2 protein chains.
Amino acid sequence: MVATSIDPVGKKDPKEEIMKAALKLFTEKGYFNTSIADIRQLADVSTGTIYHYFKNKEAIADALFEEVVHSLEDSIREIRKLSNTFERLRAIVELFFELAENEPEIMRFIVAVRHQEFLGNRPALSLSSPFQKLTQIMEEGIRTGELRRMDPLVASGVFYGTVARMVLLRLEGVLEKRLEWYLLDTWTAIWRALSP
Amino acid sequence: MVATSIDPVGKKDPKEEIMKAALKLFTEKGYFNTSIADIRQLADVSTGTIYHYFKNKEAIADALFEEVVHSLEDSIREIRKLSNTFERLRAIVELFFELAENEPEIMRFIVAVRHQEFLGNRPALSLSSPFQKLTQIMEEGIRTGELRRMDPLVASGVFYGTVARMVLLRLEGVLEKRLEWYLLDTWTAIWRALSP
DNA sequence: AGATTTCGATTGAATGCTCGATCTATTGGG
DNA sequence: CCCAATAGATCGAGCATTCAATCGAAATCT
């Protein structure tokens, strides 16, 4: 009479359960190796429920993509408020490294999933707004003399390429220590590459 | 009576035609979006012929992987003969940039295909022998003092991450000029990051 | 309060289709 | 005459999606 649900803690919003299960499976086995039946089982819902909340399988991936991009945008927007380019870039490295340790599935979805293969018309993540914002930070840094004169696309390529590669190596189990352990070396290398 | 084939030039080795078609389709649409029928059509052979030369669809991808890795190994082996670390790393950047312009499909297969999703038990390309060789070059360079003291995995992460990212940006059409145009900036950044 | 209606949420069996793989038949070069 | 090579029809498993039926909690009525 008091509680609306038997389970004292879990609200079990089905939509969230479905997305959580899909994220886990998509990043673990890949989109095409994941069947609706797999998601159904892990999320502990019926087929019908899945199709009640999502138009089809692709729409689940689409919702995940949207969510991750928005969350990244928010983080980057916050980071842009920092006072100088050094702080901004360093904060982005730390954000990615921390995410990789604490939310490996989300990070895998960002750096290791080929979205174009199943998300019909989305621009590649390489062209999505967080990446554009990164290039803007580079342009600004070069303009103010905080970064060396160079093509901004090369600057963001060096930066994102390095960070994403370190994250991937960690997610694949090549790096045995936590990413914080590699932070100093990584950041030193990046800053030497970009600073004047 | 003279020629063994009607076509004056093309030998049309079916196995090669199949692999060529598969490479094109796998890199363009992805492994799972490519059907045997697609390959059959593009390679202009029958289903029976495909299964005569390959056990199954996966075996085609496997053969491609093998071929690419071997060819990469050969190139890296040659490059290791160069006299110092500077020359070696620079040669690798040039190799990747040149491959991206002249053999975009092969390059896409290297940097943009998630092999683990369909090649059962292969180690990720990140762990394959060309990548290990790269890390060895880094270790050696650090030992001889040609590179700054740092974790060799970070060194190879910075290096390969940057190169692969530039290549990918080019393949995705983000970089409008040929990669040679970005070579100087890219190499300067890499060398600043790694040199003592 | 109790009975009745309503409607979104949920279920899972049924459907239909794509596609990898197989199989039998035919060909033609040595 | 033999056997590798080729052809293409056929099969059947797996999978995304649909659908008719049921639930259950609130809203409305008596």
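Every chain is numbered from 1 and lettered A, B, ... according to where its sequence line falls, protein lines coming before strand lines. This one's a predicted model, so the numbers in the text were calculated from it and none came from an experiment. Every heavy atom of this structure was used, including side-chain atoms; hydrogens, water molecules and symmetry mates were not.
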Is a salt bridge present between B:Arg165 and B:Glu172, judged by a nitrogen-to-oxygen distance below 4.0 Å? no

Charged N-O contact under 4.0 Å between B:Glu105 and B:Lys20: no

Lys NZ or Arg CZ of A:Lys57 over A:Phe118 ring: under 6.0 Å, within 45°: no

Is the shortest distance from a Lys or Arg side-chain nitrogen in A:Arg114 or B:Glu117 to a carboxylate oxygen in the other one below 4.0 Å? no

By a strict heavy-atom criterion of less than 4.0 Å, which residues belonging to residues 26-45 of chain B are in contact with DNA chain C? B:Thr34, B:Ser35, B:Ile36

Can you tell me if the side-chain N/O atoms of B:Ser46 get under 4.0 Å from OP1 or OP2 in D:dT6? no

Can you confirm whether the side chains of A:Ser35 and A:Asp38 place a donor and an acceptor under 3.5 Å from each other? yes

Between residues 48-62 of chain A and DNA chain D, which residues have a heavy-atom gap below 4.0 Å? A:Tyr51, A:Asn56, A:Lys57

Would you compute the distance between atom CG of B:Asp62 and atom CZ of B:Phe54 and round it to the nearest 0.5 angstrom? 10.0 Å

Is it true that B:Glu139 and B:Arg143 have a side-chain N and a carboxylate O under 4.0 angstrom from each other? no

Nucleotides bounding contact with chain B, strand DNA chain C, heavy-atom threshold 4.0 Å: C:dG20 to C:dT22

Would you give the length of the straight line joining atom CG of A:Leu169 to atom CZ of B:Phe131, rounded to the nearest 0.5 angstrom? 4.5 Å

Whether B:Arg80 and B:Glu73 form a salt bridge (side-chain N of Lys/Arg under 4.0 Å from carboxylate O of Asp/Glu) is what I want to check. no

Whole Å only: how far is the NZ atom of B:Lys12 from the C1' atom of D:dT6? 16 Å

Taking the six-membered ring for Trp and the single ring otherwise, decide whether the centroids of A:Trp187 and A:Phe86 are under 6.0 Å apart. yes

